[in-house]
Asks: 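Pasting in a structure now, in structure tokens, and then I'll have a few things to ask.
Ligands are counted one by one from 1 in listed order, and the atoms in each one are counted from 1 as well. Position 1 is the first residue of the sequence, and the numbers go up from there.
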Amino acid sequence: MERLYLGTNTKMYKTIAQTADFLTQLEALTRDLPREDLELFVIPSFTALERAKACAGHIRIGAQNMGWEDEGQFSGEISPLMLREVGVDLVMIGHSERRHVLLETDEMERRKVACALGHGITPLLCVGETGEQKELGLSDEVLAAQVKIALHGLSPEQAAQVRIAYEPVWAIGVGGVPATADYAAQRHQGIRATLRQLFGPDTAARIPLLYGGSVNPENAVELSRMPDIDGLFIGRSAWDAARFNGIIRDVLAARQP
Ligand code: PGA
């Protein structure tokens, strides 16, 4: 069976105590699940990372952002060395809110991806078109450009260490409308085609592609069963441990042969 990735980014919502509470519950609820084909991950705020690592058990912990230098005059940024110091080996790069609220560019995401790989940290690169780009029929071009810039210059071996989350901007967060399973699968096929063009078919097949944007208990199973969707990256519907556990179990049950 293909490996399945299910994770959540808690955005700027959980304090250290809330993160620890959430992870302790989620770990207990999911402890019995077979791990060979499943990776669960949680991406909390920087301040909660160290406590999160201590409560996580089998759940992988990631950071929400990272600077692209080891150190320097970058007030407010966190370096890869600082993430490694707290045992973090996964980092989200280029989330829609970083790109559209905090004005990060594709070139910044490229530097971060390369820097993370150089430090043995798995980048989870987020890409997605805006509603306007979708209306103009530009979705696949926009996604291809985001992927090509962010992964520019990587060898196939390096690219194979990257994960990509497709998160349409119009689907994310309060007021977002989830993509239909067909629409999401078409965009995933387009991203996979771009990866084949850049790195060849073997590497392209190894890069996990996750869908994110208003995933909820009603649409998670259908989305997770689409071709080229290797996992789900969930916000609001995963912030309650019991609710997230319910989604995880539904998705797993639907994958049984
Ligand atoms: P949402 O968030 O599931 O609450 O839409 C998704 C995300 O921002 O990654």
Asks: Return yes when Gly173 approaches ligand 1 closer than 4.0 angstrom through a heavy atom, no otherwise.
Replies: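 The answer is yes, since Gly173 has a heavy atom less than 4.0 Å from ligand 1.
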Asks: Report, in ascending order of atom number, the atoms of ligand 1 lying under 4.0 Å from any heavy atom of Ser214.
Replies: 1 (P), 3 (O), 5 (O)
Asks: List the atom of Arg84, the atom of Val88, and the distance in Å for their closest heavy-atom pair.
Replies: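 Reported closest heavy-atom pair: CD-O, 3.6 Å.
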Asks: Would you mind checking which non-hydrogen protein atom is closest to atom 3 (O) of ligand 1, with the distance to 0.1 Å?
Replies: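 Result for atom 3 (O) of ligand 1: Gly235 N, 2.9 Å.
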Asks: Can you say whether the rings of Tyr183 and Tyr166 are parallel (under 30°), tilted (30 to 60°) or perpendicular (over 60°)?
Replies: tilted
Asks: Applying a strict 4.0 Å limit to heavy atoms, is Gly176 in contact with ligand 1?
Replies: no
Asks: Under a 4.0 angstrom heavy-atom cut-off, which atoms of ligand 1 come close to Lys11?
Replies: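 Here the atoms of ligand 1 in question are 2 (O), 7 (C), 8 (O).
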Asks: Under 3.5 Å, is there a donor-acceptor pair between the Trp170 and Glu132 side chains?
Replies: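 Checked: Trp170/Glu132 side chains show no N/O donor-acceptor pair below 3.5 Å.
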Asks: Give the single entry among Glu97, Arg236, Glu167 that approaches atom 7 (C) of ligand 1 most closely by any heavy atom.
Replies: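 Among Glu97, Arg236, Glu167, the closest heavy atom to atom 7 (C) of ligand 1 belongs to Glu167.
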Asks: Would you check whether Ile172 has a nitrogen or oxygen atom less than 3.5 angstrom from a nitrogen or oxygen atom of ligand 1?
Replies: no
Asks: For Leu90 and Ile121, work out which heavy atoms get closest and say how close.
Replies: N-CG2, 3.7 Å
Asks: With nothing but distance in play, are any N or O atoms of Asn9 less than 3.5 Å from an N or O of ligand 1?
Replies: no
Asks: Closer than 3.5 angstrom, by distance alone: can the side chain of Asp106 be matched with the main-chain N or O of Gln146 as a donor-acceptor pair?
Replies: no
Asks: Is the distance between the ring centroids of Phe41 and Phe233 under 6.0 Å?
Replies: yes
